[in-house]
Amino acid sequence: MNNTIQKYLTQTHNFNNEFIIQAIHCYLVHLLVSLMRSNYSFNGEPTTPCSSKGATSSQAKALTTTIINHLRLGRLGKAVSVLFSAPVPVHFALYAHLFRICASNKAIVEVRKVESHLVSFAPTPPVFLLNRAIEAYGKCGCLVDARELFDEMPQRDGGSWNAMVTAYSQNGYAGKALAVFSDMHKSGVFAAEVTFAGVLASCASTLALWLSRQVHALVLKYGFGGNVILGSSLVDVYGKCRRMGDARRMFDEIERPNAVTWNVIVRRNLEMGNGKESVFLFFKMICLNARPLTFTVSNALVACSSFRGFREGIQIHGLIIKINFEEDEVVSCSLIDVYAKCGDLVCARTIFDLLSTKNLIHWTSMVSGYAMSGKTRQAREIFDRMPERSVVSWNAMLAGYAHNSQWDEAMELINLMCNNMRDTDRVTVSLILNVSAGLSDLELGKQVHGYMYRHGFYSDLSVANALLDMYGKCGNLRKARAWFYEMSYFRDMVSWNALLSSYARHKMSEEALVIFWEMQQEVTPSKFTFATLLAVCANIFACEQGKQIHGFLIRNGYDLDIVIRGALVDMYSKCRLLEYSLNVFIGTSVKDVVLWNSLMLGCYHNKQSEAILKLFELMKEDGVKPDSTTFQAVLLACISQGCVKLGRQYFNSLSQDYFIIPQLEHYESMIKLYGLHGFFDELEDFVEKMPFQPTAPMLGRVFDSSKEYNNTRLGKWASVLLQSFGQVDTSLLVDFGTFLVSQIAEYCSDTKYFTRAKYCREVDLLKVLELMNTYIIRAHQFFEL
DNA sequence: CTAGGGTTAG
């Protein structure tokens, strides 16, 4: 009794007068009872109202009616306080009923009162009612009370142990649940089916595979093998422990799987990355006429998104309409996502527009759908119209800009985000690092580094890898290397690949090979590693090593995806093995624009320009849409083939037919095309109509051609303009750095510089300045300026 | 009288 009073008084949350009054009330009742017991030696056997006699019995009956009336009107608190108006036990069924209602209302105070009434007025409360009390405490999350009662019980039965196991397992104390189960087993108490449910749930959350196998054996030994719920839990345990073979075997053993069983097997397959298997099982379920849960439909849809299963997605959509799941929040969110991820944005939008109520996730799915399909303008429209936004919404929009290399827009959004959003998360931080890398903005990157340090993102692997990538892409290899060593205790293969590709990107090919050697001591290289290594080989003309990697990939059954094939085509063509390139190209069933571009540029490097124009036609026949790089290759072909008119046609169709904005390289190619073949009228006309002032290398090109064809007027014009570039400052060079180096290097016929400049963001500025100056000096000398 | 699964978006 004093325990009960103490409980009220030590309630730390919601400590107010009510508690004190309750405590005093309890205490008074207690005194009254003691008095009655001493006077009337109240010591009945199993105390029920039926066994009591006379006035007590009628009092209990009246009380029961009052309590039940209060309960009918939903007044639990009143019902329980009325209980205390009589110092007599009520019918055990009423106690059980009260415990159950308290549990479902999570009314902890009432549970304590009912328990106190029970133990005060029923001299020997039956074990089953105390078990109900433990269960009620468990449902209210009061494990301390549950455990105290459990420990103080004079007798226990299987139900008591079960109540304790269930209470711990349902409140997330899996370890304690398993410990209680272990004690129970040691005490020789046989577990019931329900107990195993709690035990298996705890095994699943602690990923205790070894214990699960033992429990599995016990389940079979006790003859519960046919229980669907235990079977489903076992499928769940094996699935969560990543033992999909065992999970599947267990699943196949279940004779009549129910909706939950199907949900588990579909979900676990999805989590393990077996999207196709997940969808296959879902269809199997439908074929067996089982009605799926909304979650299962959602899981199947997410599985479709994972492998771009458009046709499967449409079929599931049909089913959704048939079983009337269209308006379900979770299902409709996943449905929009499937259409968006499979690229059918019109359909996604239709579903979105037809929804009677749209939630935050619907809006965000739509933003992400547009953003990741490159339609950032539409994504932004939706984003701006959103009634509310979460971190995920902001991230979706930002990811869209980052994914499509719209760095300025990304930066603007980040600033907006700073003013409108208080919280950021790991994805935001990673994305801002990607933007820093994209803009080569080392200062921004360093700020994020500091932010990470202050806000505890330091030890998050994916954020740490993004930071490493940022330092690498911004060209600060020393920082990258330092951070990489700081990551020693938690880095993974992605970290190694990021470091490797940083060295490769900066053409530090020999160093990259050393890193490759080091990384093999720690992790197993992936296909990303090999794609990078092939680029390294291409850079240092290491055709033997390139061939070895190719062979290694084939021998070890690596998936030669489009990226690897692109790298192979590139490597072979740079190593002057164009036939090898062609073989890889022909062996690729579905060719993308990058692969076509690699082969076309390969032809250019191997002086096979005439093939480029033919390839261009074949590419169009193949239904692949050319991009700006394709046109760069085509224009280069026109230059070396002397196809001036054709070149002009291609340049015009670039913007007119393909809606590609011509880049500096395209303008430069046209100037080279006209200049090299002496088309000065067209050249002048072209330069005049350009939407920007000619750059120094363009003028250099004009100057060169003029010199070649003795066009003094144009040559002078070019060199006068070139003079203004004499005081060229380094900030200008950063903007045009890559471009300048490639032009100057090409002018100097320096292969080393040519290959460097082509892939390198960071350039040797001093070298460029030096080359620029010699160039300008020579111009001056020629025209005696 | 008590059990199992699960929250979609970056």
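Small disclaimer: the values here were computed from a predicted structure and weren't measured. Proteins come first, then strands; the chains are lettered A, B, ... in the order of their sequence lines, and each starts at number 1.
- Across all strands, S390(A) comes closer than 4.0 Å to base atoms (heavy-atom distances).
- With dT8(B), dC1(B), dG4(B) as the candidates, the nucleotide lying closest to the side chain of R100(A) is dC1(B).
- Distances were taken from every side-chain heavy atom of S334(A) (C-beta onward) to each of dA9(B), dA3(B), dT8(B); the shortest belongs to dT8(B).
- The two residues L360(A) and E388(A) make their nearest non-hydrogen contact at CD1-O, 3.2 Å.
- Taking 4.0 angstrom as the limit, R268(A) places a side-chain polar atom (N or O) nearer than this to OP1 or OP2 of dG6(B).
- A donor-acceptor distance shorter than 3.5 angstrom exists from the side chain of R389(A) to the backbone of F383(A), with no hydrogens or angles considered.
- Put simply, Q170(A) has a side-chain N or O that comes within less than 4.0 Å of OP1 or OP2 on dG4(B).
- Checking the phosphate oxygens (OP1, OP2) of dT8(B), no side-chain nitrogen or oxygen of R267(A) falls inside 4.0 Å.
- Side-chain contact check for N162(A) and T195(A): at least one donor-acceptor pair (N or O, by modelled atom type) lies under 3.5 Å.
- In this structure, N162(A) places its CG atom 14 Å from C1' of dG4(B), rounding to the nearest Å.
- Side-chain nitrogen and oxygen atoms of K341(A) include none within less than 4.0 Å of the OP1 or OP2 phosphate oxygen of dT8(B).
- Rounded to whole Å, atom C1' of dT7(B) lies 13 Å from atom CD of E271(A).
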